[in-house]
Amino acid sequence: VVGPLAEQVRASERAYAAGDVSYLFVLENTRRLTDARLRGREVLADVARAVARLERAIGRTCSPTPAPGL
């Protein structure tokens, strides 16, 4: 999701530089990208909390190495 949104931000910046759109359009696309990045971080935090709760419940670690992205 973040990749296409980042491309939309770049495209809107190019359109603004060409005078085709207002800067509000650039800001809106930038906000959407920031929101998507935030949601991604929140999901990673939720997973980390769930793993911690599971590990506390079973009394040991679930895996010897953390999952990628955690």
Side-chain angles (χ1 to χ4, degrees):
V1 172
V2 172
L5 287 174
E7 179 53 38
Q8 285 181 357
V9 169
R10 287 190 293 274
S12 64
E13 288 170 343
R14 286 191 301 270
Y16 173 73
D20 295 335
V21 296
S22 73
Y23 196 65
L24 183 61
F25 185 70
V26 177
L27 291 175
E28 177 63 24
N29 283 329
T30 303
R31 183 196 59 79
R32 290 175 58 207
L33 175 60
T34 302
D35 287 347
R37 287 178 176 159
L38 176 62
R39 280 192 305 272
R41 299 296 193 274
E42 288 172 341
V43 167
L44 290 176
D46 289 343
V47 169
R49 282 190 292 274
V51 169
R53 283 193 302 269
L54 178 63
E55 289 175 343
R56 278 194 299 277
I58 63 174
R60 63 179 178 87
T61 60
C62 293
S63 63
T65 58
L70 295 180

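FYI, side chains are in, hydrogens and waters are out, and symmetry mates aren't considered; it's all heavy atoms of this structure. We count residues from 1, following the sequence as given.
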Do [X] and [Y] sit within salt-bridge range, that is, some charged N less than 4.0 Å from a carboxylate O?
| X | Y | answer |
| --- | --- | --- |
| E7 | R10 | yes |
| E28 | R31 | yes |
| R32 | D35 | no |

Taking all atoms of both residues into account, what is the closest heavy-atom pair of [X] and [Y], and its distance?
| X | Y | answer |
| --- | --- | --- |
| V26 | S12 | CG2-O, 3.4 Å |
| Y16 | V21 | CD1-O, 3.5 Å |
| C62 | L54 | SG-CD2, 3.5 Å |
| N29 | V9 | O-CG2, 3.4 Å |

| query | Is there side-chain contact between R49 and D46, with heavy atoms separated by less than 4.5 Å? | reply | yes
| message | Would you say V1 ends up clustered with L33 if hydrophobic residues are merged whenever their side chains have heavy atoms under 4.5 Å apart, either directly or through other cluster members? | response | yes
| From CD (E13) to OG1 (T30), nearest 0.5 Å | 6.0 Å
